[in-house]
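Here is the naming used below: chain letters follow the sequence lines, and residue numbers restart at 1 for every chain. It should be emphasised that the depicted structure is a prediction, and the values quoted were computed from it without experimental measurement.
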Amino acid sequence: MSYFEKVYEIVKKIPAGKVATYGQIARLLGTPERAKIVGWALHKNPYYGEVPCHRVVNRNGEISSGFAFGGPFEQKKMLEKEGIIFDENGKINLNKYLWNPYEFQE
DNA sequence: CTTTTGACTGAGT
DNA sequence: AACTCAGCCAAAA
């Protein structure tokens, strides 16, 4: 299994109403220094429709640029639909919405 | 095969 | 607090 597929597996486990950072995902894979690879994997997003990549944000809690969903507004709308609230800066309150994979439910 | 790049992050200015 | 610099490594050109 390539690193990409591992990333997709993690992202698919993110519950609705929660978000995760690239670094966090990379850490779950045991490779915290490959956060960039995680982001890149999602950029390709070959499993569009299966992988909720809209729930993955950068360390700042902001939606990353690139958007494979058709536009930033679409992604933001999707997240709000999940129950995530953006602050006045268009950022997500990670302290509240960051996903906590305690046992990493396989 | 070699080089560039990138949905990032952490440290430094 | 905001901006910049460098490092990390796999995939794409």
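Cluster membership for M1(A) and V51(A), using ILVMFWY side-chain heavy atoms within less than 4.5 angstrom, is not shared.
The side chain of K36(A) approaches dC8(C) more closely than any other nucleotide in the set dA7(B), dC8(C), dA10(C). Here the side chain of A35(A) is nearest to one of dT9(B), dC8(C), dA12(C), namely dT9(B). You'll find that the side chain of Y22(A) is closest to dA7(B), out of dA10(C), dC8(C), dA7(B).
Partners of E50(A) under the salt bridge (Lys or Arg N to Asp or Glu O under 4.0 Å) rule, at least two apart in sequence or in another chain, do not exist in this structure.
Atom CD in E74(A) sits about 20 Å away from atom P in dA7(B), given to the nearest Å. As rounded to whole Å, 16 Å separates atom P of dC8(B) from atom CD of E33(A). Put simply, CG on N89(A) is 12 Å from C1' on dA1(C), counting in whole angstrom units. In this structure, the CG atom of N60(A) is 11 Å from the C1' atom of dA1(C), given to the nearest Å. When the P atom of dC9(C) is taken as reference, atom NE2 of H43(A) falls 22 Å away, rounded to whole Å. Spacing between atom CD1 of I37(A) and atom P of dT9(B) amounts to 12 Å, rounded to whole angstrom units. Protein atom CZ of F4(A) is 16 Å distant from nucleotide atom P of dC9(C), rounded to whole Å. Remark: C1' of dC9(C) and CZ of R27(A) are 17 Å apart, rounded to the nearest angstrom.
Dashed line: the shortest gap from a side-chain N or O of K44(A) to OP1 or OP2 of dA12(C) is under 4.0 Å. Contact annotation: R34(A) does not reach the phosphate of dC8(C) (side-chain N/O to OP1 or OP2, under 4.0 Å).
Between the side chain of T31(A) and the backbone N or O of R34(A) there is no donor-acceptor pair closer than 3.5 Å. Within the 3.5 Å criterion, the main-chain N or O of Y3(A) finds no donor-acceptor partner in the side chain of Y8(A).
Heavy atoms of T31(A) sit nowhere under 4.0 angstrom from any nucleic acid atom.
Classification of K6(A) and E9(A) as a salt-bridged pair fails, no side-chain N sitting under 4.0 Å from a carboxylate O.
When each of W40(A) and V57(A) is assigned the nucleotide of DNA chain B bearing its nearest heavy atom, the one mapping closer to the 5' terminus is W40(A).
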